[in-house]
Participant: 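After the structure tokens below, expect a handful of questions from me.
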Amino acid sequence: MTPVGHKRLILTRHAKSAWDDPTLADHDRPLNDRGRRSALALGDWMASRGYEPEEILCSTAKRTQDTWAMIAGAPLEVRPLLRLEPGLYHAGPDKMLALLRTASHPTVMMIGHNPGISEFAALLPARPPLDPDFRRYPTAATLVVDFDVENWADIQPGQGSVMDFVRLDGRR
């Protein structure tokens, strides 16, 4: 939970998706084995750090929904409101910011796609994490950023404080 007057965003790129069926539309591609492992690991990581989203803004793509389903299997105490947002499918940073400003809970998780998510992540913090993969934002990468605002509608680029950044690629 975030303190009163604060907002927390957990910004996640979907886990690794499968490319083995060329007849599937991009929107319909599921996670591959590596993606499922990394999404499970991400859920465990979030639970271990107390990152409990109260609201999920998730692209309608199969791989983003699968990512959330695997994360949700972790021992999280909060069962969040899930909002499937068609506008997040390959959204740019302006669209992502507009959707985030509609959030209603203090801790929000947004699950989306590159290149928009990496561009959005780069805009949010006053100082980005020093991780060399931050700009690339690989699959299952997750940024946790806090904002000192009363309402999501008030956030502006460059206002966030980075709390964490993790890359979980599911390789074993």
Participant: Kindly compute the distance separating CZ (F120) from CG (L100), expressed to the nearest 0.5 Å.
Facilitator: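 It comes to 5.0 Å.
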Participant: Do E54 and H105 meet the criterion of a side-chain donor-acceptor pair at a distance under 3.5 Å?
Facilitator: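 No - no donor-acceptor pair under 3.5 Å links their side chains.
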Participant: Taking salt bridge (charged side-chain N to carboxylate O under 4.0 Å, His left out) as the definition, give me every residue that meets it alongside K95, ordered by chain and number, with sequence neighbours left out.
Facilitator: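 Partners of K95 under the salt bridge (charged side-chain N to carboxylate O under 4.0 Å, His left out) test: none.
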Participant: Can you confirm whether more than 12 heavy atoms, excluding those of R135, are under 6.0 Å from its CZ atom?
Facilitator: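 No - once you tally the heavy atoms of other residues, nucleotides and ligands closer than 6.0 Å, there are 12 at most.
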Participant: Show your working on side chain to side chain contact (heavy atoms under 4.5 Å, CB included) between R63 and H113 and close with a plain yes or no.
Facilitator: CA-CA 10 Å; R63 60 191 176 272; H113 309 266; 3.5 Å; yes
Participant: Check the surroundings of atom CZ in R127: do more than 12 heavy atoms from other residues, nucleotides or ligands lie under 6.0 Å from it?
Facilitator: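 Open: at most 12 neighbouring heavy atoms sit under 6.0 Å from CZ of R127.
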Participant: Indicate the atoms forming the closest heavy-atom contact of A103 with V108, along with that distance.
Facilitator: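 Shortest heavy-atom separation between A103 and V108 comes out as CB-CG2, 3.6 Å.
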Participant: Determine the sole option in E85, H27, Q65 for which the side chain to side chain donor-acceptor pair (under 3.5 Å) test with T60 is passed.
Facilitator: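 The option that passes is H27.
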Participant: Would you say the side-chain atoms of N151 pair up with the backbone N or O of A153, donor to acceptor, closer than 3.5 Å?
Facilitator: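 Such a contact is absent between N151 side chain and A153 backbone.
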Participant: Verify the distance criterion only: is there a donor paired with an acceptor across the side chains of T102 and R83 at less than 3.5 Å?
Facilitator: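 Indeed, the side chains of T102 and R83 share at least one donor-acceptor pair under 3.5 Å.
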Participant: Would T12 and M110 count as a side chain to side chain contact (heavy atoms under 4.5 Å, CB included) if you check the C-alpha gap in whole Å, the side-chain angles of each, and the deciding distance to 0.1 Å?
Facilitator: CA-CA 6 Å; T12 299; M110 184 178 278; over 6 Å; no
Participant: List the atom of T67, the atom of A39, and the distance in Å for their closest heavy-atom pair.
Facilitator: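 For T67 versus A39, the nearest heavy atoms are O-CB, 3.9 Å.
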Participant: Determine the minimum heavy-atom distance between A15 and L31, stating which atoms define it.
Facilitator: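 Between these two residues, the closest heavy atoms are O-CD2, 3.4 Å.
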Participant: Nearest 0.5 Å, please: how far is CG in L124 from CE in M96?
Facilitator: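 Atom-to-atom, M96:CE and L124:CG are 8.5 Å apart.
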Participant: Working to the nearest 0.5 angstrom, can you tell me the gap between H90 NE2 and S59 OG?
Facilitator: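 The OG atom of S59 is 7.5 Å from NE2 of H90, to the nearest 0.5 Å.
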Participant: List the steps, then state whether salt bridge (charged side-chain N to carboxylate O under 4.0 Å, His left out) holds for K7 with D146.
Facilitator: CA-CA 6 Å; K7 302 295 183 223; D146 284 1; over 6 Å; no
Participant: Could you walk me through whether E150 and H6 pass the side chain to side chain contact (heavy atoms under 4.5 Å, CB included) check?
Facilitator: CA-CA 6 Å; E150 291 288 329; H6 284 73; over 6 Å; no
Participant: If you measure from CZ on R13 to OG1 on T139, what distance do you get to the nearest 0.5 Å?
Facilitator: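 Reported value, rounded in 0.5 Å steps: 5.5 Å.
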Participant: For D148, does its backbone N or O pair with a side-chain atom of Q159 as donor and acceptor, under 3.5 Å?
Facilitator: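 Such a contact is absent between Q159 side chain and D148 backbone.
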Participant: Under a 4.0 Å N-O cut-off, is there an ion pair linking R49 with D44?
Facilitator: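 No salt bridge links R49 with D44.
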Participant: Could you tell me whether the side chains of D66 and H14 share a donor-acceptor contact shorter than 3.5 Å?
Facilitator: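 Short answer, no.
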Participant: Would you sort out whether K62 and D28 count as a salt bridge (charged side-chain N to carboxylate O under 4.0 Å, His left out), showing the intermediate values?
Facilitator: CA-CA 5 Å; K62 174 98 170 101; D28 299 328; over 6 Å; no
Participant: Rounded to the nearest 0.5 Å, how far does CD1 of I10 lie from CD1 of I56?
Facilitator: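 The distance works out to 7.0 Å.
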Participant: Between CG of L9 and CG of L57, what distance do you get to the nearest 0.5 Å?
Facilitator: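 Spacing of CG (L9) from CG (L57) equals 8.5 Å.
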Participant: Return yes if some donor-acceptor pair links the side-chain N/O of E119 with the main-chain N/O of G92 below 3.5 Å, else return no.
Facilitator: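 No.
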Participant: Consider only side-chain heavy atoms of I, L, V, M, F, W and Y, link residues closer than 4.5 Å, and tell whether L81 and V78 are in one cluster.
Facilitator: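 Result: no, two separate clusters.
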Participant: Can you check side chain to side chain contact (heavy atoms under 4.5 Å, CB included) on L11 and T142, steps first, answer last?
Facilitator: CA-CA 5 Å; L11 185 64; T142 299; over 6 Å; no
Participant: Is the Y137-F165 ring centre distance short of 6.0 angstrom?
Facilitator: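 Judged by ring-centre distance (under 6.0 Å), Y137 and F165 do meet the cut-off.
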Participant: Using the rule that two of Ile, Leu, Val, Met, Phe, Trp, Tyr join whenever any of their side-chain heavy atoms come within less than 4.5 Å, decide whether F134 and L123 are in one cluster.
Facilitator: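 No, because F134 and L123 fall into different hydrophobic clusters, even though each may have its own neighbours under 4.5 Å.
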Participant: If we count only N and O atoms by modelled type, under 3.5 Å, do the side chains of R29 and S17 hold a donor and an acceptor together?
Facilitator: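 There is such a pair (donor and acceptor under 3.5 Å, judged by atom type) between the side chains of R29 and S17.
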